[in-house]
Every structure is written in C-alpha cells, then in structure tokens.
Amino acid sequence: MIELSVIVPVFNEQEIIPELYQRLQTSVSSITPEYEMVFINDGSRDATMLKLLDLVNSDKRVKYINFSRNFGHQIAVSAGLDYCKGNAVVIIDGDLQDPPELIPELYRKYKEGYEVVYAKRTKRKGEPFFKRFTAKMFYRILKRITSVDIPVDVGDFRLIDRKIVDYLKQMPEQNKFLRGQIAWLGFRQTFVEFERDSRKSGKTGYPLSKMIKFALDGITGFSNSP
C-alpha cells in the first residue's frame, strides 16, 4: 500500500532534476517509506527525460509519464492523478519554486483530518511586478464573479486525499482548472503559508499566452457571469 504519492510535472528542467529529486526524497522519506514520485515529462526538448530515466533506474519509487509533445501543466498533473496510487497525493511544480521541505507540514495537517491542504504564498520571490500584479488581480476577480470559494494566492501546490483524486478522475472537463475543481468539490480544506522561491534555473513554462489561456479556462469554467 502506497501512503503518499508526489506528482511532479516537468518541462525543460534538466538542470534542476538532481536537486529536485534529492530534496523530494529527503522530505517524503521523513514521512513514510511507502511513497512514490510520479514525474510527468511534458514534452521537454532538453535532457529532462534522460535525467528521469537515470532516477528510475536507481530508485524503484520513481515513476514517469512521457508526453509526445507539450500538452500543458494542467493536463500533465491530470495524467499524474490518473496514474498515482497513494492514499494522499501531493502536487508540486518541478522548478523548485515550491519547496519540497513543506510537504511534511502539509501531511501533518492532513493527518489532523483535512482532505485538502494547500500551500498559500505570502511572498513570490524573483517574479516581475507584472506577473505578481496580474496573478493577484486574477484570483481576486475570479473570487468576485464565482460562487465557488477558490482560495487566493495559491497555486496547485497542495496535498489532497485519495477520495478527491477519485472524484477529479470522474470530472470530464477537457480544459482543466484543477484548483477550481478541487475547491468546488468541498470537503475539509485548510492551508499552510510559505514564501515562494525564485526559479533555480531555466525559463518559466508559463509565458504570457499560456497565462491568458489558463485565466480564461478558470473564468469561463467557474464564473457565474458571461
């Protein structure tokens, strides 16, 4: 029985993979020996897949899904949710802006009886003013025009119970907005605060065009207004 799954979408992160793995392994093994890491290679064009194969060959707890092209973050996470087997599931980005060291704290809240424990950002280091401002406005506008209580200042970094995973797998939306879907499902939810780090290396996988599409998916999927 796998107690904890960690879903990690990655895109062109060859420089980060070794440190990402070591920090995840240290963090998750402090919780339970019964865990798995599920990396989703979202059509990387660098040596990311080779780095993942090295991990798979050296650690039986590491699994991977390899996309034929870049399908996007939300689809990558959804593929990990379809594949993972843990009683509890952590979703964390692969760029090390979300600290793996926070996972034990998320798990402690989960063991207190919460089915969803999300990581709430108090600071976004290394991000330009434009991105910080637009992200802040998006979540506050979305909160005003929807009846779903989607928490502000959070991304997809969170821990969810297996029952949440099972319900998400039954939802047929093609254009995923997982943080909205998880909020819509309800259950007992809480948060842990943290300061988000700047990127270790490389470029963001979310340029302006993808940010706009992601925002439109959220607004059209969950707002009560046209």
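A heavy-atom distance below 4.5 Å is not found between the side chains of Q14 and L50. Using a 4.5 Å heavy-atom threshold, the side chains of F187 and K163 count as touching. Here the side chains of L96 and E19 are in contact, with some heavy-atom distance below 4.5 Å. Residues M49 and L53 are in side-chain contact: their nearest non-hydrogen atoms beyond the backbone lie under 4.5 Å apart. Side-chain contact between V10 and L52: present, with at least one pair of heavy atoms (C-beta onward) separated by less than 4.5 Å. Side-chain atoms of V62 and F39, non-hydrogen and from C-beta on, do get closer than 4.5 Å to each other. Side-chain contact between L168 and I160: present, with at least one pair of heavy atoms (C-beta onward) separated by less than 4.5 Å. Within the 4.5 Å cutoff, side-chain heavy atoms of L24 are placed close to those of I103.
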Worked check of side-chain hydrogen bond (donor to acceptor under 3.5 Å, both in side chains) between E34 and N87: CA-CA 10 Å; E34 304 300 326; N87 293 325; over 6 Å; no

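Judged as a side-chain contact (heavy atoms from CB on, under 4.5 Å), and not counting sequence neighbours, the contacts of F191 are Y118, K120, E193. Residues that satisfy the ring-ring contact (aromatic ring centres under 6.0 Å, His included) test with F67, not counting sequence neighbours, are F71. In this view, E36 and S5, K63 satisfy the side-chain hydrogen bond (donor to acceptor under 3.5 Å, both in side chains) rule, not counting sequence neighbours. Every residue meeting the side-chain hydrogen bond (donor to acceptor under 3.5 Å, both in side chains) condition with D166, not counting sequence neighbours, appears here in chain and number order: R162.
Remark: the backbone N or O of R188 is paired with a side-chain donor or acceptor of E115 at under 3.5 angstrom. Between the side chain of E3 and the main chain of I31, no donor-acceptor pair closer than 3.5 Å is present.
Heavy-atom minimum distance, I92 versus P9: O-CD, 3.3 Å.
The hydrophobic cluster containing I2 does not contain L4, counting ILVMFWY residues as joined when their side-chain heavy atoms lie under 4.5 angstrom apart, directly or transitively.
A ring-ring contact (aromatic ring centres under 6.0 Å, His included) check over residues 83-117, counting only residues at least two apart or in different chains, returns the pairs Y107-Y110. Listed by first then second residue, pairs satisfying salt bridge (Lys or Arg N to Asp or Glu O under 4.0 Å) with a partner in residues 45-60 number zero, not counting sequence neighbours.
None of N66, N70, T48 except one satisfies the side-chain hydrogen bond (donor to acceptor under 3.5 Å, both in side chains) rule with D42; the exception is N70.
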